[in-house]
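Everything below concerns the one structure shown next.
Residue numbers run from 1 in the order of the sequence given.
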Amino acid sequence: MIYITGDTHGEFGRVEAFCERFQTKREDILIILGDAGINFSRGMRDGLKKRFLEELPITLFCIHGNHEQRPITIDTYKEMNWRGGTVYYEEEYPHLLFAKAGEVFDFDRKKTIVIGGAYSVDKMVRLMCGYGWWQDEQPSTESWLDEIEDKLDYGKWYCGHYHTEKKIEKMEIMFENFDIFCRNDIGIT
């Protein structure tokens with residue numbers, strides 16, 4: 001089964017509870033729509049999170065948000081082809097996958113393009129306090145998303161980032177809710 005949820009910001013209690021409640025298995029997939037918070041601290045805290053998540057009976061497919069470092073910039077990550085697209089992974093944590101932006105993945109015959117990142121309204125606070133901020137957090141141009149939407153015939157567009165849960169026509173903004181990915185639609189994330 002393929003599931004989807006919004007930002008986790010490094011807090012995975014609800015993911016653990018979800019796995020327990022639905023008796024997930026390693027072959028099940030949970031898509032996290034940005035800000036997983038796994039590559040944020042750049043040190044022992046990230047390692048603890050990764051070890052915890054690797055033990056859960058599920059595979060995580062994380063889409064880059066604006067509160068985490070991109071795996072391509074971290075030396076321990078490698079690339080591999082997975083479900084038709086490129087993902088980043090670490091050998092020690094093979095069930096924590098990070099999507100390469102712009103790649104198209106196949107989730108049970110549903111073609112899914114992944115576009116991650118967002119503008120950080122808290123950029124100045126993070127810089128002043130010495131928290132992580134990365135120049136490549138935001139897509140180079142957000143107007144490009146409008147062009148994509150105009151050119152694609154899609155069934156659903158999933159978003160994270162906004163810390164709310166809302167459906168607007170074919171768009172679904174997710175936060176702490178969980179759902180089955182694209183019940184009957186072609187998915188765009």
- Rounded to the nearest 0.5 Å, how far does CD of Glu16 lie from CD of Glu55? 11.0 Å
- Could you tell me which non-hydrogen atom of Glu68 sits nearest to which non-hydrogen atom of Gly37, and how far apart they are? OE1-N, 3.0 Å
- Message: Restricting to non-hydrogen atoms, name the atom on Gly6 and the atom on Ile32 that form the minimum distance, rounded to 0.1 Å.
- Response: O-CG2, 3.6 Å
- Message: Please find the pair of heavy atoms, one from Glu91 and one from Pro94, that lie closest to each other, and give the distance.
- Response: O-CD, 3.4 Å
- Indicate, with yes or no, if the rings of Phe22 and Phe18 have centres closer together than 6.0 Å. yes
- Which atom of His163 lies closest to which atom of Asp7, heavy atoms considered: NE2-OD2, 3.6 Å
- Give a yes or no answer on whether the side chain of Arg26 reaches the backbone of Leu56 with a donor-acceptor pair at less than 3.5 Å. yes
- Would you give the length of the straight line joining atom CD1 of Ile113 to atom CG of Leu152, rounded to the nearest 0.5 angstrom? 6.5 Å
- Query: Does any non-hydrogen side-chain atom of Glu54 lie less than 4.5 Å from one of Leu96?
  - Reply: yes
- Query: Are Cys159 and Glu172 close enough that some pair of their side-chain heavy atoms sits under 4.5 Å apart?
  - Reply: no
- Message: Less than 6.0 angstrom separating the ring centers of Phe61 and Phe98, yes or no?
- Response: no
- Message: I want to check something: taking the side chain as every heavy atom from C-beta on, are Gln69 and Ile74 in contact at a cut-off of under 4.5 Å?
- Response: yes
- Task: Before giving the answer on side chain to side chain donor-acceptor pair (under 3.5 Å), spell out for Asn39 and Lys49 the whole-Å C-alpha distance, their side-chain angles and the decisive distance to 0.1 Å.
- Result: CA-CA 9 Å; Asn39 291 312; Lys49 289 182 231 176; over 6 Å; no
- Is there a side-chain contact between Met80 and Leu97, using heavy atoms and a 4.5 Å cut-off? yes
- Item | Heavy-atom side-chain proximity of Tyr89 to His95 below 4.5 angstrom | no
- Item | Asn177 backbone acceptor or donor facing Glu165 side chain under 3.5 Å | yes
- Message: I want to check something: taking the side chain as every heavy atom from C-beta on, are Glu92 and Lys50 in contact at a cut-off of under 4.5 Å?
- Response: no
- Side chain of Thr76, backbone of Glu90: donor and acceptor closer than 3.5 Å? no
- Message: Within the structure provided, determine whether Leu53 and Leu60 are in side-chain contact (heavy-atom separation under 4.5 Å).
- Response: yes
- Message: Among Val104, Thr112, Asp108, which residue satisfies the side chain to side chain contact (heavy atoms under 4.5 Å, CB included) criterion with Arg83?
- Response: Asp108
- Arg14 CZ: over 12 foreign heavy atoms closer than 6.0 Å: yes
- Message: I'd like to know whether the aromatic ring centres of Phe12 and Phe52 sit less than 6.0 Å apart in this structure.
- Response: no
- Message: Who clusters with Leu48? Use side-chain heavy atoms, under 4.5 angstrom, across I, L, V, M, F, W and Y, and order the result by chain and number.
- Response: Met44
- Between Asp35 (side chain) and His9 (backbone), is there a donor-acceptor pair under 3.5 Å? no
- Task: Please determine if Lys170 forms a cation-pi arrangement with Tyr154, meaning its NZ or CZ atom is less than 6.0 Å from the six-membered ring centre and no more than 45° off the ring axis.
- Result: yes
- Item | Taking every non-hydrogen atom, the tightest pair across Leu30 and Ile4 | CD1-N, 3.8 Å
- Message: So Trp82 and Val87, do their side chains get closer than 4.5 Å, heavy atoms only?
- Response: yes
- Message: Test of understanding: with side chain to side chain contact (heavy atoms under 4.5 Å, CB included), list the residues that count as partners of Asp28, not counting sequence neighbours.
- Response: Met1, Tyr3, Thr24, Lys25, Ile58
- Task: Can you spot which of Phe107, Tyr158, Phe105 makes a side chain to side chain contact (heavy atoms under 4.5 Å, CB included) with Ile31?
- Result: Phe107
- Using modelled atom types only, decide if a donor and an acceptor are shared between the side chain of Glu103 and the backbone of Val114 within a distance under 3.5 Å. no
- Message: Testing the basics here: between Pro71 and Tyr88, what is the closest heavy-atom pair and its distance to 0.1 Å?
- Response: CB-CB, 3.6 Å
- Rounded distance [0.5 Å steps], CD1 in Ile29 versus CD in Glu27: 9.5 Å
